[in-house]
Amino acid sequence: MSNIVQIAYLIASVLFVLGIKFLGKTKDARRGNMLSAVGMLIAIVATLTTLEIMSFVEMFACMLVGGAIGLYYAKKVEMTQIPEMVALFNGFGGMASLGVALSDHFFKTQVQGVEIDTVNSVSIIASVLIGGVTFTGSVVAWLKLNGKVSGQPITFSGQHLLNLLLLLTFLGVAVMTYLFQIEPIYITILVAIALLVGVLIVIPIGGADMPVVISLLNSYSGMAACATGFILNNNVLIVAGSLVGASGIILTQIMCKAMNRSLMNVLLGGFGQTTSAGAQDGPSIVIKEIGVEESAMLFDSASSVIVVPGYGMAVAQAQHVMRELMEQCEKRNIDFRFAIHPVAGRMPGHMNVLLAEANISYDKLIEMESINDDFANTDIVLVVGANDVVNPAARTNPQSPIYGMPILNADKARTVIVSKRSMGKGYAGIENELFGYPNCLMLFGDAKQTLTKVVGEMKEMS
């Protein structure tokens, strides 16, 4: 039976690797997700068969209940809430690792009365730290994303010093936990410190950096799972945790590069904090408005269109009307594509998910590096709910907090139409220079409503 379980673990590990490989391309992402899910099912079933405390009926009942809960929330959650859901998933992973570490420590020291060896003790301590930080950090990220806590950086004097002292205290208490394993007070203090540190390291991070935070917390959850694998001596958990931890940190680095920020800079303070320190009170920009009918006429006469989606499109639920606009343009033989910035939205791939939900072909979704040179030869760029990722200040203004950040070259198009509710600033908290450019026209109003009217006008023209 043991050999069969190990073979099942090997198959699950292979499926995890293949799943992550397929997730690297948009058109194969659904297949990758399914392969990973099948691998996880195999790993769970194989693990449950080794447990003597549960019958197959109880195992099936637990899987049925858990699956039902997951299916319910997957169906219920709005696409705009996907980043929040991912943040909670990361938190649940951290909480599970923390729970396993505590239960293993309590069972061995209080029930069995045995001494925990060094490797296992280090694994428990690591799992407590990473799991606790991941849990409360993810909860704070979730609260920031859904607006229950301000998305602005929350800071106070001596914050970084307090974090350092807490970590040093954690290391000291960790040594005491190893030396005096029978005393539950030490492991309890470790848990409390880990949970507090999770809160303190996320609250000073602004909303603009949430994609990086979610990616980093995802990596933390993987490392916590890996540490739990050593506690339970479970090979597939070690492999799965390592894969998640490594892929998460790689993605985090990609996110930081896309924002021209270092990871340490993100962790020590967000855009909001930087902006308030160096306020930008330049001259007010002069904007030009455009109406629905004029917008429809411009689209009708164009030969090429690039859409730059942002979080505002998700809020307005405008992805389906974007497909209708695409269909109207393609009926007129207009080249129609979407330019995807790595940090558009609230998490990596957020725009891809939204547009895929509207049945927009994957080959229409072009990454920044592949499409940036095409803007100069494009008739119309439609910016829907995006802000900082098309702000020319990243190229032209050394005093701007986003200076050096790679952006989409929307300003180089012949005409730019910006669909926004108002002149509100993006998460970086600065004005967008693009809005005052001679080739930029502002289409104010709810994106879904205004673009529906534009599509309606185009249908009447055809």
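- S127 and S97 form no side-chain donor-acceptor contact under 3.5 Å, judged by distance and modelled atom types alone.
- The closest side-chain donor-acceptor pair between Y9 and N234 falls under 3.5 angstrom.
- A 4.5 Å side-chain heavy-atom check between L48 and M63 finds at least one atom pair inside the cut-off.
- The aromatic rings of F92 and F89 lie tilted to each other, with the angle between the two planes from 30° to 60°.
- A donor atom on one side chain and an acceptor atom on the other are found under 3.5 Å apart for N235 and Q6.
- At least one donor-acceptor pair under 3.5 Å links the side chain of S103 to the backbone N or O of V100.
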Salt bridge (charged side-chain N to carboxylate O under 4.0 Å, His left out) between R395 and D411, worked out: CA-CA 11 Å; R395 292 195 309 264; D411 57 298; 2.5 Å; yes
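- Atoms CD1 and NE2, on I201 and H160 in that order, are 12.0 Å from each other to the nearest 0.5 Å.
- Contact annotation: the side chain of P309 approaches that of I340 to within less than 4.5 Å [non-hydrogen atoms, C-beta and beyond].
- Using modelled atom types, one finds no donor on one side chain facing an acceptor on the other under 3.5 Å when comparing Q181 with E115.
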Stepwise salt bridge (charged side-chain N to carboxylate O under 4.0 Å, His left out) check, D374 with R337: CA-CA 11 Å; D374 297 344; R337 293 176 294 169; 3.1 Å; yes
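- Taking 4.5 Å as the limit, every side-chain heavy atom of V197 sits out of range of all side-chain heavy atoms of N163.
- Taking OG of S121 as the start and NZ of K108 as the end, the distance is 10.0 Å to the nearest 0.5 Å.
- Remark: Y72 OH is loosely packed, at most 12 non-hydrogen atoms of other residues, nucleotides or ligands lying under 6.0 Å away.
- Annotation: the span from M313 atom CE to L354 atom CG amounts to 5.0 Å, rounded to 0.5 Å.
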Residue pair D117, N120: steps toward the side-chain contact (heavy atoms from CB on, under 4.5 Å) verdict: CA-CA 6 Å; D117 61 66; N120 212 7; 3.3 Å; yes
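- Under the 4.5 Å side-chain criterion, counting only non-hydrogen atoms from C-beta, F375 is in contact with N372.
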D28/L23 under side-chain contact (heavy atoms from CB on, under 4.5 Å): CA gap, chis, key distance, verdict: CA-CA 6 Å; D28 298 325; L23 287 173; over 6 Å; no
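- V384 pairs with exactly one of V418, L325, V308, L451 by the side chain to side chain contact (heavy atoms under 4.5 Å, CB included) rule, that one being L451.
- More than 12 heavy atoms of other residues, nucleotides or ligands shown are found within 6.0 angstrom of OH on Y362.
- Between I187 and I124, some side-chain heavy-atom pair lies under the 4.5 Å cut-off.
- Side-chain contact between M368 and V389: absent, with no pair of heavy atoms (C-beta onward) separated by less than 4.5 Å.
- Residues I42 and L15 meet the side-chain proximity criterion, which asks for heavy atoms closer than 4.5 Å.
- Under 3.5 Å, the side chains of T118 and Y178 contain a donor-acceptor pair of N or O atoms.
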